[in-house]
Amino acid sequence: MANLFQNLTNNIGAWLGQQIAPYINDQLGGGYSVLGRYYKGDHNKQLKQKVGAQDENIVQNYVGLAVDRSVSRLFRGGIQFNLPDGATKQQDYINKLWDLNKKEIILYQVALHGAVYGTPYFKILPDDIYDPYTGDVYPRLIALDPEITRVKVSSNDMNEVEQYRIEYTSDEHRDGRMVAVSHREITRRSDKEDYEEADGAERDTWIIEEWEQVGGGAWQLTESVEWPYDFPNIIHWKNLPSLKSCYGDSDIDDAINVQDKSNFVVSNTGKIIKFHDHPETIGTGFSVAQMQKFDAAV
């Protein structure tokens with residue numbers, strides 16, 4: 001019985017980890033989940049469906065089509081990054097960095113994040129990509145999933161970032177069993193306490209902390225390192241300006257209601273045609289012997 005209970009608990013934990021893995025459970029995450037679903041074509045059903053009956057709902061994903069076309073037009077003709085005249089070495093370095101990071105693909109990815117969620121992110125991993133021809137190392141650029149990324153800014157200046165937070169849950173083997181492990185990466189501005197713990201020299205840097213929560217237990221700090229630059233290892237920007245927020249606006253949040261109305265009309269029309277396009281003729285007040293067959297008029 002004890003083994004059965006343990007297996008059941010592990011299975012529930014694994015299932016729960018799969019369900020919440022891509023999300024942060026807050027108000028912004030709830031909105032992001034809806035935006036992501038509508039882009040992929042997973043729309044709210046407009047017609048009620050009886051148990052065991054055929055689903056009469058029809059989805060025409062104009063939201064996803066509009067996003068794909070707008071992002072494609074955004075980068076029509078390619079992208080060029082130019083430096084001042086004379087910066088030949090710097091230009092060669094930038095060109096190689098973009099080439100190793102597959103510029104067209106990763107820029108399309110962050111543009112898609114911006115169009116759907118309103119706020120795209122880049123994370124920088126220094127010395128993480130090798131040039132296969134020269135062996136030189138370059139920074140790797142990661143297009144972060146906005147559904148697992150949050151920004152904290154100054155109370156009186158929304159352009160002054162104080163902290164980036166990445167949080168997600170995954171299923172992992174721990175002590176011979178599968179458990180849900182939550183990971184949290186916090187990139188924050190350094191403060192006086194950080195200076196005292198190091199060499200005491202005050203400087204404008206960022207601290208990257210790795211936190212872990214196993215099976216719903218307490219959060220544990222597993223690693224803390226100093227990012228030796230005056231800018232963070234994560235950058236973000238707005239797809240569209242927003243009102244009183246450090247986050248940008250999505251291209252599709254205002255289109256969801258129109259998409260629902262369109263799905264309702266086409267679903268309802270399809271259902272009406274199904275049941276009334278070929279109606280059955282019903283007669284009363286006569287016997288079978290009185291029935292006569294007529295050919296259709298030409």
Side-chain angles (χ1 to χ4, degrees), residues 21-22 32 35-36 38-41 61 63-151 153 159 161 163-168 170 183 185 187 205-206 208 225 227-242 246-253:
Y32 277 176
L35 293 172
Y38 268 75
Y39 167 71
K40 293 182 291 186
N61 190 13
V63 166
L65 178 62
V67 168
D68 289 338
R69 288 187 174 180
S70 66
V71 172
S72 296
R73 291 177 63 87
L74 178 65
F75 293 136
R76 183 176 56 182
I79 300 294
Q80 295 292 329
F81 294 88
N82 298 319
L83 295 180
D85 294 338
T88 305
K89 291 184 178 180
Q90 292 86 343
Q91 186 69 67
D92 291 341
Y93 180 87
I94 293 294
N95 292 340
K96 176 58 69 174
L97 184 148
W98 279 118
D99 182 56
L100 293 174
N101 280 278
K102 299 178 175 59
K103 179 179 70 173
E104 287 77 11
I105 296 176
I106 195 171
L107 287 178
Y108 188 96
Q109 182 66 69
V110 294
L112 186 60
H113 286 165
V116 175
Y117 300 106
T119 309
Y121 301 85
F122 263 136
K123 180 180 179 180
I124 307 171
L125 292 182
D127 302 334
D128 202 58
I129 292 183
Y130 288 85
D131 185 337
Y133 300 103
T134 64
D136 296 334
V137 292
Y138 291 84
R140 179 188 173 201
L141 302 178
I142 300 176
L144 292 177
D145 182 357
E147 292 199 36
I148 65 172
T149 309
R150 297 293 182 269
V151 186
V153 298
N159 293 320
V161 177
Q163 180 187 110
Y164 288 102
R165 176 166 60 95
I166 303 171
E167 188 171 326
Y168 61 93
S170 61
H183 297 272
E185 178 183 296
T187 299
T205 59
W206 294 74
I208 304 175
V225 297
W227 173 259
Y229 302 100
D230 59 358
F231 59 88
N233 67 325
I234 298 175
I235 59 174
H236 80 284
W237 62 98
K238 296 181 179 182
N239 171 59
L240 293 171
S242 57
C246 63
Y247 299 98
D249 274 344
S250 167
D251 285 348
I252 65 175
D253 53 354

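- Residues V116 and P146 form no side-chain contact, since every pair of their non-hydrogen atoms from C-beta on lies 4.5 Å or further apart.
- We find the CH2-CD1 distance between W206 and I234 to be 9.5 Å, quoted to the nearest 0.5 Å.
- Here L100 contributes atom CG and I106 contributes atom CD1; the two are 11.5 Å apart, rounded to the nearest 0.5 Å.
- Using a 4.5 Å cut-off on side-chain heavy atoms (C-beta onward), E167 and I148 make no contact.
- Residue pairs meeting the side-chain hydrogen bond (donor to acceptor under 3.5 Å, both in side chains) criterion with at least one partner in residues 100-119, sequence neighbours excluded, are Q109-H113, Y117-E147.
- Of all heavy-atom pairs spanning N239 and S250, the tightest one is ND2-C, 4.2 Å.
- A 4.5 Å side-chain heavy-atom check between V110 and W237 finds at least one atom pair inside the cut-off.
- Side chains of D230 and T205 form no contact here, defined as non-hydrogen atoms less than 4.5 Å apart.
- N233 is linked by a side chain to side chain donor-acceptor pair (under 3.5 Å) to T187, counting only residues two or more places apart in sequence or in another chain.
- No more than 12 heavy atoms of other residues, nucleotides or ligands lie within 6.0 Å of OH in Y229, so this atom counts as exposed by the packing criterion.
- I166 CD1 to K123 NZ: the interatomic distance, rounded to the nearest 0.5 Å, is 4.5 Å.
- In this structure, W227 and F231 have perpendicular ring planes: the angle between them is above 60°, well past the 30° mark.
- A distance of 10.0 Å separates CG in D251 from CG in L112, rounded to the nearest 0.5 Å.
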Exercise for the section: Walk me through it: do Y130 and Y138 pass the test ring-ring contact (aromatic ring centres under 6.0 Å, His included)? Expected result: CA-CA 6 Å; Y130 288 85; Y138 291 84; 9.7 Å; no

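- Sorted by first and then second residue, the side-chain hydrogen bond (donor to acceptor under 3.5 Å, both in side chains) pairs with a member in residues 77-91 read Q91-N95; sequence neighbours excluded.
- Considering all non-hydrogen atoms of both residues, P139 and L97 come closest at CD-CD1, 3.6 Å.
- The line from CD of E185 to OH of Y168 is 8.0 Å long, rounded to the nearest 0.5 Å.
- Y247 places a side-chain N or O within donor-acceptor distance of the main-chain N or O of V151, the cut-off being under 3.5 Å.
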Exercise for the section: Could you please spell out the steps behind the side chain to side chain contact (heavy atoms under 4.5 Å, CB included) verdict for L35 and D253? Expected result: CA-CA 7 Å; L35 293 172; D253 53 354; 4.0 Å; yes

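- When all heavy atoms are compared, the tightest approach of Y39 to D68 is OH-OD1, 2.6 Å.
- Between F81 and W98, the distance from one ring center to the other falls under 6.0 angstrom.
- In this structure, D249 and K238 have side chains that are not in contact, with every pair of non-hydrogen atoms separated by 4.5 Å or more.
- In this structure, R150 CZ and Q163 CD are separated by 12.5 Å, a value rounded to the nearest 0.5 Å.
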Handout entry: V67 and I252: CA distance, side-chain angles, deciding distance, side chain to side chain contact (heavy atoms under 4.5 Å, CB included) verdict
Key = CA-CA 8 Å; V67 168; I252 65 175; 3.3 Å; yes

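- The aromatic ring centres of H236 and F122 sit 6.0 Å or more apart.
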